[in-house]
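Note sheet for the following structure.
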Amino acid sequence: MASKSGIVSRLKRRKIQEVLGAGNRMDGRALDEYREITLKTGPMEKTSGSAEVTIGKSRVLVGVKVQIGSPFEDTPEKGVLMCNAEFTPIAHPTFEPGRPGENSIELARVVDRGLRSAEILDFGKLSLIDGSAVYMVFVDIYVLSYDGNLFDAAALAAIAALKTAKRPVHTVKAGVITLTKKTQALKILRSPLAVTLAKIGDTFMVDPTADEEEVLDARLTVAFDEDGNICTIQKGGSDGITTEELHKALELAQVKAAELRKHL
Amino acid sequence: MASKSGIVSRLKRRKIQEVLGAGNRMDGRALDEYREITLKTGPMEKTSGSAEVTIGKSRVLVGVKVQIGSPFEDTPEKGVLMCNAEFTPIAHPTFEPGRPGENSIELARVVDRGLRSAEILDFGKLSLIDGSAVYMVFVDIYVLSYDGNLFDAAALAAIAALKTAKRPVHTVKAGVITLTKKTQALKILRSPLAVTLAKIGDTFMVDPTADEEEVLDARLTVAFDEDGNICTIQKGGSDGITTEELHKALELAQVKAAELRKHL
Amino acid sequence: MASKSGIVSRLKRRKIQEVLGAGNRMDGRALDEYREITLKTGPMEKTSGSAEVTIGKSRVLVGVKVQIGSPFEDTPEKGVLMCNAEFTPIAHPTFEPGRPGENSIELARVVDRGLRSAEILDFGKLSLIDGSAVYMVFVDIYVLSYDGNLFDAAALAAIAALKTAKRPVHTVKAGVITLTKKTQALKILRSPLAVTLAKIGDTFMVDPTADEEEVLDARLTVAFDEDGNICTIQKGGSDGITTEELHKALELAQVKAAELRKHL
Amino acid sequence: MSKAKITTKKKTTTKKTKEKTRFDGRKANELRPLKIESSVLPNADGSAYIEMGRNKILVGVFGPREMHPRRFAKPNEATLRCRYHMSPFSVDPRRSPAPSRRDTEIGMVMNWAIEPAVFLEKYPRSVIDVYAEVLEADGGTRTACINAATVALVDAGIPMRDLVSSCAAGVIDGQIVLDLGDYEDKEGEADVPVAYLPKLGKITLLQMDGILPIKVFTDCVDLAIDGCLQINEIQREALKKKYGISEEAEE
Amino acid sequence: MSKAKITTKKKTTTKKTKEKTRFDGRKANELRPLKIESSVLPNADGSAYIEMGRNKILVGVFGPREMHPRRFAKPNEATLRCRYHMSPFSVDPRRSPAPSRRDTEIGMVMNWAIEPAVFLEKYPRSVIDVYAEVLEADGGTRTACINAATVALVDAGIPMRDLVSSCAAGVIDGQIVLDLGDYEDKEGEADVPVAYLPKLGKITLLQMDGILPIKVFTDCVDLAIDGCLQINEIQREALKKKYGISEEAEE
Amino acid sequence: MSKAKITTKKKTTTKKTKEKTRFDGRKANELRPLKIESSVLPNADGSAYIEMGRNKILVGVFGPREMHPRRFAKPNEATLRCRYHMSPFSVDPRRSPAPSRRDTEIGMVMNWAIEPAVFLEKYPRSVIDVYAEVLEADGGTRTACINAATVALVDAGIPMRDLVSSCAAGVIDGQIVLDLGDYEDKEGEADVPVAYLPKLGKITLLQMDGILPIKVFTDCVDLAIDGCLQINEIQREALKKKYGISEEAEE
């Protein structure tokens, strides 16, 4: 996610484009080919749910915590979903500790918008006392290693963690909330999965590496639900795309989303 | 509001003083002459009240919002007034986005102190449930263009916005607050208006431009109510004034405040 | 607390070590000798309790405030203790105004841990309404002059301020809290006092000055209660100590703690 | 009743049906009232004011100017730096003046939307600051900001490949409609903001939240592009009014 | 009953009437007990401790020293940088140690009050830091800070044109009184803090909050200046005690 | 019943009694299950993953690399910079991702614990960053971080005088026990984390919270050192597994 204007980036770009000219990618993959994907659910015991996803050398851990908190003012009778992303400094030499930067904000926002617009939860059922106590669902995206395509890894890890999450069960009597020993699944209504494409020159490819992201012209992330509907779109990168390119990209993304779904 | 120690500032100061020596100002105004003033109330529909003031090329927009909030600990049965000022980066090439600087803090404080010491509102009547729910009156000063004399523009816009503001009306029954469809004027008890004078060398002038503010030796802002009483004073600038200068300045300011009041 | 890697520091260290080689310290003290200590309780009238301690040219003022606040979520029926340390910029030319740095955080944490692990208060008795209103005991450490050994000065001032503090007394009737005119002592159950030793080369000494702290290899702070039990330990500095050194250091510290206690 | 249910059921009927009238009486493919004025800020190098529905937005452009600190400067081109900011009173209830994560994201997508249109390579090592101040918000603020920013950039004399025009389309009650206002925004099943470069035929902003079949989504994009083209004319008019002729500003 | 009502009614009777005694038994034109001591901080270049009523304030001066970062240095003079800060326990209830907007404003007016008295031009490119720490607050902290800062500057060996002296006057129950303590401050109709340079005859701090006719206000200023002159003597004494003679420090 | 009461009463019986079994069935002097793996992060110069009980921690080492800004560089040696950070989901309830004061303090003591083992003088003017990310916390995180950081430093090829090994001992119900888990941590009368350099015979981390007689405390230190020596073997194994032989990494 470095600037592509430096000398190193320009040499890198030239090399990547040369190889692309011959229809290849630097790591030998086909344009529509993902790197190896692994998904492990439940690695963290102190969470309500968790999942770790690797895509090639990118590695994202998502922890879900369900706790009681106050509802938002404008939705007093609804539970709350909060997405947060942290780019840990162990993930890449250029990541520095400290406040979340633009890229981590975009990552959290895109995953958050994906979950929200897919209406993954019936938030009306997550209220304990309307106006004062509701369940808060925290989705923390922890980036442990960066080699491109964090969107797809984070979206997959987030939904996998949510689907396996068990929230605490409380009873409410006369305004008093009591924790029971029971837990209960979150009932995830829909499972959006993101597919990211990079455009370098005129070529589109899926699952860009860090090097490919550094030099790309445009980036398109599309989240699909299980019925093949689009839930969220985010275009990035400082070049545009034509409507023809968009149509082809969407078709490709839809196919890849179905493939990704097999990991869930 | 830049430092006056740079070379450019010193040249500017020499030029301004030369012209002042002949009794003139750079823009041809008399020493006691304001630039053109415009006042428009109600430009913003989503506020409780709003007003936009221009003085020459300075332009200030004030939005008032009245909402329910918690009272301060030491005044549990009183409503709350909050003034905030933002120097937007579009207002001047030297204004940078980010945290409020010293100058915007001073502006907010001086307007706030003016409204507060003039007791513009009967805060005791702005409580819904003592100790837990009162009306909060937010006065947000948004500086859209800076060419000097923000104090006078902001004070005029603030009181104009407050005088035309309509707050929501709520009913309280058995501790439950319900919003009605009615609105009601804020009942402003007094209307303080600020007049700012600059002293350059030994000369006093009203309504300083940005250039004049950059090179001034002292600055005196005086707020008057409709009876000609002083409500707030703020001296700025790194030179002092004599008591004789003070007396003359106050007389001039009082006359100008009455003139300004015609815009209200 | 500056870095010991600069040229000035290395010269300073050489000199200090030369003198130490002859069994002396720069200011003529014995290795186990404290500088002059003064303690004044109650200097600040607007606090619940206060104390000022000087050790040589180091000077620390502690103010205690007891107020009503909300308990922590996990201890709803207990009062709260909060320690905070401020290195004021008047204390040393290298202290800059602004956010607390590492050293002030360590100071606050070590004093805080000392008070907490010594269980100085029966926090269960500091609740007014379980879950919603408890007494908060704020201990603010204000460093007015720095010449080394802030730990011992701050720990002594903190416990002296707490022992002489009087908290407000409130009555609770039907969920309503009312302030009475009475005050009451905090009932401090134990009085931990800290002793800090510095190791330079192979030599240990008590009560290091700023110069000695700048060049020290290791630092050991031990807090003792009145029965001679250890309450808190903090080792600092980038060299290690052997177990033999530790044993000797603890014995020396215990003796010095008993001496320090005479000031209380 | 979930969004997907609606949109899936209506899939066959969402072909730009124009029968129903909208909350504000507009037709499905009709823009909100739009007004753009350039050169409105005395201290900016370029500026524009836009009213798009009840959105009221000022954009100021400063630069090309020196980048501070210099190590962030790009050796071969100017850096475009867009900032999106809302006044505390632009929305209900009052918002904090501190930038939110949403503000940061919108600044990023504005940057990407506008960059392809600017001849950045003409000003190596410098920075062009585009500051958008949303005085009043009424749905679609990001598209309005892009429209005003483009006019402000031309006003600043910065050479452009094309005028960026931006507009959203969305789906309400199964119907695809253009340029949603905030009442519609909250009710709607999906919102698709688009920015478009007509000369180059390129989409430079594309986002979506909602649940839509691909076909409905691409129909939304097509309608949004129609809207962009209409807006492009209005931008040209705004510039023509000021400069007599807008063509020279576009090379 | 609003403030203005009172002050307007009493306008004719507010001529420094001295009949009524005050909360703490003082006469209308009497200062609170005042104690200034210099050279109280071992690590500062200059310092002073002041007790003015129950105010307890330490001021440390550091410099002239190099400005960091250098680009903020002024080529022809030193920069004076005053900081006003309150301890968390200085007021009731406890306050946050983070600087408030009020703190920032008071730092600014302290700067303006003191600058005219300092020969800044003798130390181009450098900075003089004046740090005021309010340990206990009792009304009129800004005036007390200025008084102590002046003594601390002289203590630091910084050449001064004049000693800055500062005091407030205000109106309580229609009576003009000098040097208000915090009980009076909260009850009073108006408070007018002033800083004054006796040799130069210049007012360098002037603020007011309240509602006062011009004449009453200027009477307050006159009384405050009287107070400043008394304080000036005490400052000279404090310096004389330390240095034998204070004149040399003022050129 | 206060802690001191217990520990004082039990003073005579606290001699590493091993009769009682612990919450998790361990003996008094038994470590929790421990697993260390090196080279687990593709983008770090060195890295390690540790599971110590239910602690799950990743450490990445970056450097020696250039220090920014340069004026913070030390002319004669490298700067070691340890950061301790916990994921929001590492504890219950969720914590804020912003660093706490505890995090800052632990970063400092990690630094002091590890510094004596590193040949910093070989890399003047540079910085070595050690980032510890606690993914799941189970008592004794600081000791686990130090153990993993040491392996990660060797993995980064940084020459070490010794391997730093770290472990806590504490007192529960009057019994001295090794390597407390978080259930024990909360119940225990005292916790004594220690880091130890076996070759040099030096304690480099030493903290304690609780109330203990000196003798009990030093017994805790002795037991903790025993634990460190056991861990040292496991660290060597982890490195041997990766490099065949770990000795060369220690000079």
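In what follows, chains are A, B, ... by sequence order, proteins preceding strands, each numbered from 1.
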From CA spacing to verdict: side-chain contact (heavy atoms from CB on, under 4.5 Å), C:T88, E:H85
CA-CA 9 Å; C:T88 70; E:H85 189 249; 5.7 Å; no
Is C:R59 close to E:L58 at the side-chain level, that is, under 4.5 Å between some pair of heavy atoms?
yes
Per-residue contact mode, C:P100 against chain E (heavy atom under 4.5 angstrom)
neither
Can you tell which part of C:E86 gets under 4.5 Å to a heavy atom of chain E, answering side chain, backbone, both or neither?
side chain
Between E:F62 and chain C, which part of the residue has a heavy atom less than 4.5 Å away: side chain, backbone, both or neither?
side chain
Here the pair of heavy atoms bringing E:V59 nearest to C:I90 is C-CG2, 4.5 Å
Hey, can you tell me if C:Y142 and E:F89 have their rings parallel, tilted or perpendicular (30° and 60° cut-offs)?
perpendicular
Which portion of E:S47 sits near chain C, non-hydrogen atoms under 4.5 angstrom
neither
Using a 6.0 Å cut-off, check whether atom CD of C:Q184 has over 12 heavy atoms from anything other than its own residue.
yes
Under 4.5 Å from any heavy atom of chain C - which part of E:V91:
backbone
Using a 6.0 Å cut-off, check whether atom OH of E:Y183 has over 12 heavy atoms from anything other than its own residue.
no
Is any side-chain heavy atom of E:K56 closer than 4.5 Å to one of C:P43?
no
Could you tell me which non-hydrogen atom of C:K57 sits nearest to which non-hydrogen atom of E:P42, and how far apart they are?
CD-CB, 3.6 Å
Picking from C:L61, C:V64, C:V62, which has the most non-hydrogen pairs under 4.5 angstrom with chain E?
C:L61
Ignoring hydrogens and geometry, is there a side-chain-to-backbone donor-acceptor pair from E:E133 to C:L144 under 3.5 Å?
no
Looking at C:K46, I'd like to know if its NZ atom is crowded, meaning that more than 12 non-hydrogen atoms belonging to other residues, nucleotides or ligands lie closer than 6.0 Å.
yes
Please state whether the side chain, the backbone, both or neither of E:L41 comes within less than 4.5 Å of a heavy atom of chain C.
side chain
Candidates C:M82, C:K65, C:M136 - the one meeting side-chain contact (heavy atoms from CB on, under 4.5 Å) with E:R94:
C:K65
Is the backbone of C:D147 close enough, under 3.5 Å, to the side chain of E:N43 for a donor and an acceptor to pair up by distance?
no
Would the distance check show the side chain of E:R83 and the main-chain N or O of C:P89 forming a donor-acceptor pair, the cut-off being under 3.5 Å?
no
Would you indicate whether E:E121, at its atom CD, is surrounded by more than 12 heavy atoms from other residues, nucleotides or ligands within a distance under 6.0 Å?
yes
Close side-chain approach of C:P97 and E:Y131, heavy atoms under 4.5 Å:
yes
